[in-house]
Trainee: 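Pasting a structure here, questions to come.
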Amino acid sequence: MTAHEPPGPSLRFGYGTNGLADLRLDDALGLLADLGYDGVGLTLDHMHLDPLAPDLAARTRHVARRLDELGLGVTVETGARYVLDPRRKHGPSLLDPDPDDRARRVDLLVRAVRVAADLGAHAVHCFSGTVPDHTDEDTAWKRLTEAFGPVLDAASAAGIPLAVEPEPGHLLATLADFHHLRRALGDPEPLGLTLDIGHCQCLEPLAPADCVREAAPWLRHVQIEDMRRGVHEHLPFGDGEIDFPPVLAALAATGYRGLTVVELPRHSHAGPRFAAHSLPYLRKAARLAAERTTGTSTVPSHGDPSATPEGSSTP
């Protein structure tokens, strides 16, 4: 297996730039290529391809060339904490009472779609936001469905899937909520799903591997990290409760061809070290998954990723 060869027939691993926030974008991309990642989850933020700064098109072309030189695929992510408002985390959202504020988030997502098209990205990730105070859920859903209209139009015109993420604590928090939105919008072709494996462990009634199978027809982007039941805290691999080989086996079986991106946004203080440890862990878990599927074994019985030095989660 070469440094950039995927670990199985369909799994392609990436790392999120929101976990490398202390690095310049060029340096972050070079690091991921050197480590052997297949791609990157690029969060548009003030330090990484700022979507609101001048000369966005020219800066996007530079990043596109860099990705091509390094052989990295890309998903565009829109979860920057303060890119629109320096005082409100993830604000404004698609649910804000002020229509002008909702329009600012819509504009960001439309910009993200254009950036994704110029980068050759396989999807644009987004989320609903939390329900504002003094807002009932029916009103929040109405705002969300209305706000998605121009974003879906832009995604359709660009040929870029929009991958909405169920996020704990948000209006759209679960797979059931995703299907509610999908039906409310009339099941538009560009609308797909970002499945965060840790979120499945955190609050879905199904086990993570079963979530993958249930979500398969709509999968457009996958995020991955460890997590514990009932606690929304993104953890390095081995620090949570997830058994990853069954999850990766289920993901490979779906035929999903996009990126599976490590999501550790609170670990930028040691981002390069966590990036270096995460890929060997995932590759070993993928090999174990393939061996369990075929009934063969080339990894010793003690070779569970969470028990090996290369799978250690606390560098």
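This structure is a prediction, so every number in the text was calculated from the model and none was measured.
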Trainee: Using a strict 4.0 Å threshold on nitrogen-to-oxygen distance, state whether D210 and R213 make a salt bridge.
Mentor: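 Judged by the 4.0 Å cut-off on N to carboxylate O distance, D210 and R213 do form a salt bridge.
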Trainee: Supply the atom-to-atom distance L259 CG to H125 NE2, rounded to the nearest 0.5 angstrom.
Mentor: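 The CG atom of L259 sits 13.5 Å away from the NE2 atom of H125.
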Trainee: If we only count heavy atoms from C-beta on, is the R266 to H234 side-chain gap below 4.5 Å?
Mentor: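 Side chain of R266 against side chain of H234, heavy atoms only: no contact under 4.5 Å found.
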Trainee: Determine whether the aromatic ring centres of residues Y82 and H46 are separated by less than 6.0 angstrom.
Mentor: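 For H46 and Y82, the ring centres are not under 6.0 Å apart.
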Trainee: With the threshold set at 4.0 Å, does a side-chain nitrogen-carboxylate oxygen contact exist between K142 and E146?
Mentor: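 Salt bridge between K142 and E146, a charged N being under 4.0 Å from a carboxylate O: yes.
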Trainee: Would you compute the distance between atom CG of L20 and atom CG of L25 and round it to the nearest 0.5 angstrom?
Mentor: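 Nearest 0.5 Å value for the CG-CG distance: 9.5 Å.
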Trainee: Within the structure provided, determine whether L23 and L31 are in side-chain contact (heavy-atom separation under 4.5 Å).
Mentor: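 A side-chain contact under 4.5 Å exists here.
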Trainee: Can you tell me how far apart OG1 (T17) and CG (D45) are? Round to the nearest 0.5 Å.
Mentor: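 These two atoms lie 8.0 Å from each other.
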Trainee: Measure the shortest side-chain to side-chain distance between T43 and T78 over non-hydrogen atoms and say whether it is less than 4.5 angstrom.
Mentor: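 Contact flag for T43/T78 side chains = no.
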Trainee: Would you find a donor on one side and an acceptor on the other, under 3.5 Å apart, between the side chain of S156 and the backbone of L152?
Mentor: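 Not at all, since once roles are kept as given, no pair shorter than 3.5 Å links the two residues.
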Trainee: List the atom of R220, the atom of A163, and the distance in Å for their closest heavy-atom pair.
Mentor: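 Between these two residues, the closest heavy atoms are CB-CB, 3.9 Å.
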Trainee: Run the side-chain contact (heavy atoms from CB on, under 4.5 Å) check on E225 and L235 step by step: do they pass?
Mentor: CA-CA 6 Å; E225 70 285 314; L235 298 173; over 6 Å; no
Trainee: Please confirm whether the ring centroid of H199 lies under 6.0 Å from the ring centroid of H232.
Mentor: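 When the ring centroids of H199 and H232 are compared, they turn out to be within the sub-6.0 Å range.
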Trainee: Any side-chain to backbone donor/acceptor pair from S278 onto A275? Under 3.5 Å, distance only.
Mentor: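 Side chain of S278 to backbone of A275: no pair is present.
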Trainee: Are F13 and Y37 an aromatic pair, judged by ring center distance below 6.0 Å?
Mentor: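 No - the distance between ring centres of Y37 and F13 does not fall below the 6.0 Å cut-off.
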Trainee: Quick one: do V261 and V222 satisfy side-chain contact (heavy atoms from CB on, under 4.5 Å)? Show the steps, please.
Mentor: CA-CA 6 Å; V261 172; V222 176; over 6 Å; no
Trainee: Within the distance-only criterion (no hydrogens, no angle test), does the side chain of D50 pair as donor or acceptor with the backbone N or O of L52 below 3.5 angstrom?
Mentor: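 Yes; at least one donor-acceptor contact below 3.5 Å.
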Trainee: Counting only heavy atoms not in H134, do more than 12 fall under 6.0 Å of its NE2?
Mentor: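 Atom NE2 in H134 is not packed in, count stays at 12 or less.
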Trainee: Under the 3.5 angstrom rule, does the side chain of R24 hit a backbone N or O of H48 as a donor-acceptor pair?
Mentor: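 No, the answer is negative, given that no donor and acceptor are paired below the 3.5 Å cut-off.
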Trainee: Check whether R102 reaches the backbone of A147 with its side chain - one donor and one acceptor, N or O, closer than 3.5 Å.
Mentor: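 Not a single qualifying donor-acceptor pair exists.
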Trainee: Identify whether the distance between the nearest side-chain nitrogen and carboxylate oxygen of D101 and R88 falls below 4.0 Å.
Mentor: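 Salt bridge between D101 and R88, a charged N being under 4.0 Å from a carboxylate O: yes.
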Trainee: About how many Å separate CG of L56 and CZ of R114, when rounded to the nearest 0.5 Å?
Mentor: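 Result: 9.5 Å between the selected atoms.
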Trainee: Given side chain to side chain donor-acceptor pair (under 3.5 Å), test T75 with H122 step by step and report yes or no.
Mentor: CA-CA 6 Å; T75 304; H122 73 79; 2.6 Å; yes
Trainee: Rounded to the nearest 0.5 Å, what separates atom CG in L42 from atom CG in L119?
Mentor: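 Those atoms lie 6.5 Å apart.
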Trainee: Roughly how far apart are L219 CG and E214 CD, rounded to 0.5 Å?
Mentor: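 Between atom CG of L219 and atom CD of E214 there are 9.5 Å.
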Trainee: Mind listing the closest non-hydrogen atom pair of H170 and F127 along with its distance?
Mentor: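 Heavy-atom minimum between the residues: CE1-CD1, 3.5 Å.
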Trainee: Check step by step if side-chain contact (heavy atoms from CB on, under 4.5 Å) holds for C200 and L195.
Mentor: CA-CA 8 Å; C200 296; L195 187 69; 3.6 Å; yes
Trainee: Using modelled atom types only, decide if a donor and an acceptor are shared between the side chain of R228 and the backbone of D239 within a distance under 3.5 Å.
Mentor: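 At least one qualifying donor-acceptor pair exists.
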Trainee: Determine whether L279 and I242 fall in the same hydrophobic cluster, where Ile, Leu, Val, Met, Phe, Trp and Tyr are linked whenever their side-chain heavy atoms lie under 4.5 Å apart.
Mentor: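 Yes; I242 is reachable from L279 via cluster members.
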Trainee: Measure from the side-chain N and O atoms of S268 to the backbone N and O of A21, and report whether any donor-acceptor pair falls under 3.5 Å.
Mentor: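 Such a contact is found between S268 side chain and A21 backbone.
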Trainee: Determine, stepwise, if the pair F148 / L94 fulfils side-chain contact (heavy atoms from CB on, under 4.5 Å).
Mentor: CA-CA 8 Å; F148 264 116; L94 298 174; 4.2 Å; yes
Trainee: What I want to find out is whether R182 reaches D187 closely enough, with some N-O distance under 4.0 Å, to be called a salt bridge.
Mentor: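 Between D187 and R182 there is a salt bridge, with a charged N closer than 4.0 Å to a carboxylate O.
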